[in-house]
Amino acid sequence: MDEERRFPDFEQKWQKAWAASSKPAADQPGKKTDKDFYILSMFPYPSGRLHFGHALPYTLTDSIARYKRMCGCNVLNPMGWDAFGLPAENAAIEAVRRGEKNVHPARMTYDSIEAMRKQMNAFGYSFDWDREVYTCKPDYYKWTQWLFLKMHEKGIAYRKKARVNWCPDCKTTLANEQVETHVKDGEDFQACFRCGTPVEPREIDAWFLAITKYADRLLSGLDNLQKSWPELVTSQQRNWIGRSEGVNIDFTIELRAGASGSGPLKPPGESDPNTQRETLTVFTTRADTTFGVTYVAIAPEHPLVDRILKLVDPRTHKRITEFVKETLNMTEQDRASGDEKEGVATGMFAVNPLNGEKIPVFVANYVLMYGTGAVMAVPAHDERDHEFAREYRLPMKQVIKPAPGSDDEVNIKQEAYTAQGVLVDSGPYTGSTSAEAIARIGADLKSKQSGGPVVNYKLRDWGISRQRYWGCPIPMIHCAKCGVVPVPESDLPVTLPDDVDFLPTGRSPLTDHPAFRSVKCPTCGADARRDTDTMDTFVDSSWYFLRYTDARNDKAIFDPGKAARWTPVDLYVGGREHAILHLIYARFFNMFAHDIGLTAHQEPFARLYAHGLIQGESRRVVTDEMDRYVSEDELQRLVDAGKVEPGQVVRRIEKMSKSKLNGADPTTLVSQYGADALRLTILFAGPAESDSVWDNDGIKGPYNFLRRWHDLALSAAPLVEDLPQMGADCVINAASKKLRYAAHVLVERATGEFEGRFALNTVIAKAMELVNEIRAFIAAENLSGPCKGAADPTLPSRWSLAEAFDILARCMAPFAPHTAEELWHALGGKQSVFETTWPKADPAALVLDEIELPVQVNGKVRGTIRLPATADKATMERLALENENVKKFVEGKAIQKLIVVPGKIINVVAR
RNA sequence: GCGGAGGUGGCGGAAUGGCAGACGCGCUGGACUUAGGAUCCAGUGGGUAAAACCGUGCGGGUUCAAGUCCCGCCCUCCGCACCA
């Protein structure tokens with residue numbers, strides 16, 4: 001950018017003025033009214049650098065917040081920091097390893113926050129900084145701990161030994177939701193969502209939050225969010241919660257000592273005295289296929305495996321043990337992605353409660369600890385069972401035939417028939433449809449007390465223990481005598497000590513901090529130890545939107561009255577990457593807060609807006625010597641030097657990142673073009689919900705627009721200064737009407753978009769049109785010099801011009817606040833443009849005297865006619881048929897129909 | 001496989017069933033300039049001398065009129081995926 005650029009030179013001036021005059025949002029406790037508007041963008045992790053992932057949502061929310069304030073609303077638009085977490089800790093570890101001194105995650109975090117707040121201010125964002133929260137400060141995490149204690153009290157937070165996902169690189173556990181499927185060399189594997197390292201299973205004692213107790217509410221709540229949340233998010237959450245209706249069926253399993261899984265699988269004779277009978281419950285969604293069961297399979301983790309191992313012969317024992325060990329060494333998901341279905345016969349048999357058949361029991365790798373961890377296998381009607389049965393040559397029995405009228409071909413030897421249909425060979429149920437049979441069998445089992453209809457969810461409880469330092473301590477104490485004891489509320493917060501060696505060992509760093517670790521048991525006073533794990537940072541961010549409503553309260557988590565004033569959040573803006581994790585946790589926490597009387601609403605976010613990603617084009621050079629990302633500049637040099645051929649460059653659109661060298665830095669762009677130009681560019685690029693690719697040239701249009709508006713306003717200032725009041729009898733000319741039309745169209749468009757779908761790019765386009773209209777107007781009207789008083793004949797034109805500038809400044813104020821403020825004052829505004837009210841479109845201005853109407857012949861436009869807006873239908877028809885070109889196309893044909901849509905179109909149908 | 005989003009000029013994108021391509025970038029020509037990678041003016045979907053005509057992923061359909069509604073496909077992106 002050129003050195004000589006002077007525009008804009010006023011942004012900091014206005015930022016200072018606004019900071020000096022800013023008023024906090026009113027927050028008297030009470031009922032929320034139409035005028036209270038809580039808008040929120042997801043708070044950031046303080047990485048130290050504001051990037052486009054922040055600039056888009058904050059620009060969007062700031063514009064909406066400013067609009068709402070101009071509409072007279074009491075707006076809450078807070079900002080804070082999701083400040084605990086691994087990146088700071090990892091960066092500190094790296095720094096220590098490099099030999100740096102005085103490194104601490106806390107310092108790095110606070111430094112980052114200072115830097116980012118400065119960057120945000122440079123954008124002119126109007127956040128309510130007086131409510132800023134830091135999740136890593138004791139005044140915040142005290143209440144995170146308090147919520148944990150409440151959950152513990154209500155049985156929602158509990159401790160259990162569990163197989164968890166362990167990231168060997170981050171040296172901590174991950175929740176199921178934090179594990180992603182990655183693909184490398186054609187193999188998929190489960191990886192840490194943060195660093196991409198393959199995860200391993202680990203058995204660990206950990207704290208869990210019983211989110212599954214809220215499964216039904218989390219699911220049914222989505223119904224009400226259907227209209228105001230993106231389908232994308234609600235459908236993902238539905239899928240994640242994974243409700244399925246089915247039937248539990250109790251099989252009786254006969255446990256015989258000395259059973260063998262080797263050799264032919266024959267049910268044992270009648271009454272073996274050593275047989276113990278137990279119930280093995282399976283879950284199925286296809287109870288209609290129960291007569292087709294040919295074996296039962298249980299998960300390797302199933303509790304029954306241990307019982308079986310105690311009874312079987314040594315050979316079978318060995319096979320099962322090895323198989324189970326091998327399977328459990330994989331993560332659950334890795335096991336799922338393996339393509340071979342494998343299993344081991346246990347030698348035990350189960351009795352089908354519906355037909356009394358005895359069928360073999362397998363341990364199988366494809367059975368998960370979902371539902372009951374055991375399935376009835378129906379190879380004829382289930383693909384997985386079919387595959388397994390083929391592998392192990394197990395029998396298949398068809399019990400479903402296609403429904404009448406279906407042209408499905410069935411060959412169960414070839415493949416399973418999984419569609420619903422009509423039952424065959426199914427005893428009393430033969431002839432029923434699948435749906436009828438499922439209902440009847442469910443009811444029959446229930447009355448026989450051997451099962452019945454149940455609902456299962458895929459959702460699992462949320463493991464929150466992390467073996468890392470930079471997080472919220474878990475307020476629990478382990479006492480040898482009393483067991484696990486909560487820290488008394490009066491002792492909160494359990495403060496995270498500063499002087500901790502946080503270099504990773506695989507153990508929680510706090511374990512090695514004796515002063516933190518050792519504590520007296522609050523119950524018996526004996527020596528005890530604190531829980532040394534810290535919480536998943538998603539816990540911190542699950543309730544921050546509630547804290548904002550009363551952020552400085554040191555007596556309580558927040559005043560429910562103040563929360564009632566603001567919540568639910570009217571508009572929550574954030575990235576799609578949080579569609580399940582954060583947004584389901586936050587809903588869960590809000591429901592819990594509701595249950596303990598803290599909030600009035602079950603759902604925290606009335607409307608959710610999922611913004612897109614601003615991506616960058618990366619350039620990767622692949623030659624014999626190199627294979628890496630390069631910057632555009634470096635690429636140019638390499639090409640100029642003849643070291644790289646164009647064909648050796650792979651260009652891709654990817655998420656901006658440092659390592660890919662495809663990022664643009666918004667803060668640099670602000671210093672080059674000004675905050676307003678960047679704000680407009682971001683919003684003008686397209687609808688905010690769709691992804692876009694950053695293009696450095698994209699800023700030119702908005703930048704030129706601002707400059708043109710600015711220059712135009714300054715040069716036109718003398719034309720519109722000190723105008724006398726216009727009388728009601730003022731008559732304006734056609735050009736003025738056209739100008740007014742453009743101005744009021746802008747008002748209408750801006751208002752509509754702010755209230756509806758937020759396609760703000762179209763609002764900016766209308767503002768650009770208005771600037772173009774103003775330029776044309778001034779040129780055409782030949783206005784010059786100051787107004788010559790009430791008798792000045794150019795007065796109506798000047799008045800129209802003044803109005804156009806007025807509307808332009810007010811409508812653009814939410815988008816380009818600095819420029820709007822500057823020009824508002826330049827054209828005589830006395831107070832801040834943000835103290836004026838949002839303009840209202842004048843319906844009279846939206847009606848043109850004369851309109852142009854396209855005339856179609858047989859659906860194709862053949863001409864346009866000009867006519868007064870008030871013309872009646874007959875006139876329209878007459879003018880349409882008089883049009884020369886229309887005549888030409890109608891000639892020689894009979895007019896069959898004349899469609900007249902007033903204000904829109906005329907269509908002559910001629911054959 | 002399941003779920004979601006999307007496919008419109010050279011590019012980003014506009015279009016309550018009613019003139020497809022608003023607005024912007026880029027490009028072309030011109031003006032002003034010592035200069036232009038500044039600014040201003042004009043033009044800019046393909047096609048034609050001008051028309052005609054052809055154009056919103058593909059194929060059908062409804063309608064006076066379809067980017068938009070219906071049916072059947074194709075492709076791209078995202079998420080989930082042995083959940084019985």
Side-chain angles (χ1 to χ4, degrees), chain A residues 1-2 4-5 180-181 188 230-236 238-240 242-244 246 282-286 289 297 332-333 335-339 341 364-372 374-378 381-385 387-388 418 456-460 576-577 579-580 610 612-613 653 680-681 684-687 689-695 697-705 707-708 711 759 761-769 771-772 775 779 852-864 885 888-889 896-901 903-910:
Chain A
M1 191 61 201
D2 56 275
E4 292 157 50
R5 183 181 70 77
E180 298 174 341
T181 304
D188 20 337
E231 176 79 23
L232 171 83
V233 176
T234 52
S235 68
Q236 278 191 64
R238 270 201 188 90
N239 186 12
W240 190 261
R243 181 191 152 96
S244 73
V282 304
F283 173 70
T284 181
T285 54
R286 290 297 303 273
T289 63
E332 195 166 86
Q333 291 92 341
R335 190 168 125 199
S337 58
D339 27 38
K341 290 191 174 28
N365 66 352
Y366 74 95
V367 181
L368 309 176
M369 269 315 286
Y370 167 77
T372 62
V375 300
M376 56 177 223
V378 187
H381 303 293
D382 182 282
E383 279 166 18
R384 297 152 300 185
D385 299 340
E387 201 186 312
F388 188 88
T418 57
N456 268 314
Y457 296 93
K458 276 200 279 187
L459 187 71
R460 313 262 179 108
R576 293 189 287 253
E577 65 274 22
I580 28 191
L613 214 58
I653 304 301
L680 285 179
T681 306
F684 186 61
E689 66 260 30
S690 55
D691 291 344
S692 60
V693 180
W694 179 257
D695 169 12
D697 288 338
I699 204 164
K700 288 183 182 170
Y703 176 76
N704 283 338
F705 158 69
R707 194 181 39 70
R708 275 198 275 251
D711 294 353
N761 52 327
T762 65
V763 180
I764 296 166
K766 286 279 177 276
M768 289 172 167
E769 285 181 62
V771 165
N772 294 342
R775 288 157 70 90
E852 247 181 31
L853 216 52
V855 182
Q856 297 181 330
V857 178
N858 295 331
K860 287 188 176 166
V861 179
R862 298 302 183 183
T864 53
N885 205 41
K888 214 170 86 191
F889 280 90
Q896 297 184 328
K897 223 186 209 178
L898 213 54
I899 314 271
V900 179
V901 186
K904 291 287 182 195
I905 207 160
I906 297 171
N907 193 4
V908 184
V909 184

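Throughout, protein chains are lettered first and strands after them, A, B, ... in sequence-line order, and every chain is numbered starting at 1. Heavy-atom basis, side chains included; hydrogens, waters and symmetry copies ignored.
Counting only Watson-Crick and G-U wobble pairs whose two distances sit under 3.5 Å, RNA chain B takes part in these stems of three or more pairs: B:1-7 with B:74-80, B:10-12 with B:23-25, B:26-31 with B:39-44, B:57-61 with B:69-73.
The side-chain contact (heavy atoms from CB on, under 4.5 Å) test applied to Asp691(A) returns Arg576(A), Leu613(A), Gln615(A), not counting sequence neighbours. Qualifying side-chain contact (heavy atoms from CB on, under 4.5 Å) partners for Val233(A), counting only residues two or more places apart in sequence or in other chains: Trp229(A), Pro230(A), Gln237(A), Ala579(A), Leu583(A), Leu608(A). With sequence neighbours excluded, the residues that form a side-chain contact (heavy atoms from CB on, under 4.5 Å) with Phe889(A) are Val857(A), Arg862(A), Asn885(A). With sequence neighbours left out, the salt bridge (charged side-chain N to carboxylate O under 4.0 Å, His left out) criterion links Lys904(A) to no other residue. Take Arg708(A) and apply the side chain to side chain donor-acceptor pair (under 3.5 Å) test, not counting sequence neighbours, and it matches no residue. Partners of Asp711(A) according to the salt bridge (charged side-chain N to carboxylate O under 4.0 Å, His left out) rule, which considers only residues two or more places apart in sequence or in another chain, are Arg707(A). Remark: Gln896(A) engages Val909(A), Arg911(A) in a side-chain contact (heavy atoms from CB on, under 4.5 Å) (not counting sequence neighbours). Evaluation of the ring pair (Phe, Tyr, Trp, His ring centres under 6.0 Å) rule for Tyr366(A) yields Phe388(A) as partners, not counting sequence neighbours. Arg243(A) is linked by a salt bridge (charged side-chain N to carboxylate O under 4.0 Å, His left out) to Glu245(A), counting only residues two or more places apart in sequence or in another chain.
Per the geometry, OH belonging to Tyr703(A) stands 26 Å off P belonging to G12(B), to the nearest Å. In this entry the distance linking CG of Asn239(A) with C1' of C78(B) reads 13 Å, nearest Å. In this structure, Glu383(A) places its CD atom 11 Å from P of C2(B), rounding to the nearest Å. One atom, CG of Leu613(A), and another, C1' of G6(B), lie 16 Å apart when rounded to the nearest Å.
Among the heavy atoms of the strands, none lies under 4.0 Å from Asn365(A).
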Strictly under 3.5 Å: I want the nitrogen or oxygen pairs between protein and nucleotides 41-47 of chain B, one per line.
from, atom 1, to, atom 2, distance (Å)
C41(B), OP1, Arg775(A), NH2, 3.3

Enumerate all atom pairs, one protein N or O and one N or O from nucleotides 18-22 of chain B, separated by less than 3.5 Å.
from, atom 1, to, atom 2, distance (Å)
A22(B), O2', Glu769(A), OE2, 3.2

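Put simply, Asn704(A) has no side-chain N or O that comes within less than 4.0 Å of OP1 or OP2 on A38(B). Note on Tyr366(A): every side-chain N or O is 4.0 Å or more away from OP1 and OP2 of A84(B). Side-chain N/O atoms of Lys860(A) include one lying less than 4.0 angstrom from OP1 or OP2 on C54(B). Under 4.0 angstrom from either OP1 or OP2 of A65(B) there lies no side-chain N or O belonging to Lys897(A).
Candidate nucleotides A84(B), C54(B), C23(B) were compared by shortest atom distance to the side chain of Thr285(A), and A84(B) ranks first. The side chain of Ser244(A) sits closest to A84(B) out of A84(B), U39(B), C64(B). In the set G79(B), G13(B), C23(B), G79(B) carries the atom at the smallest distance from any side-chain atom of Gln236(A).
G9(B) adopts a syn glycosidic conformation, its chi angle falling within 90° of 0.
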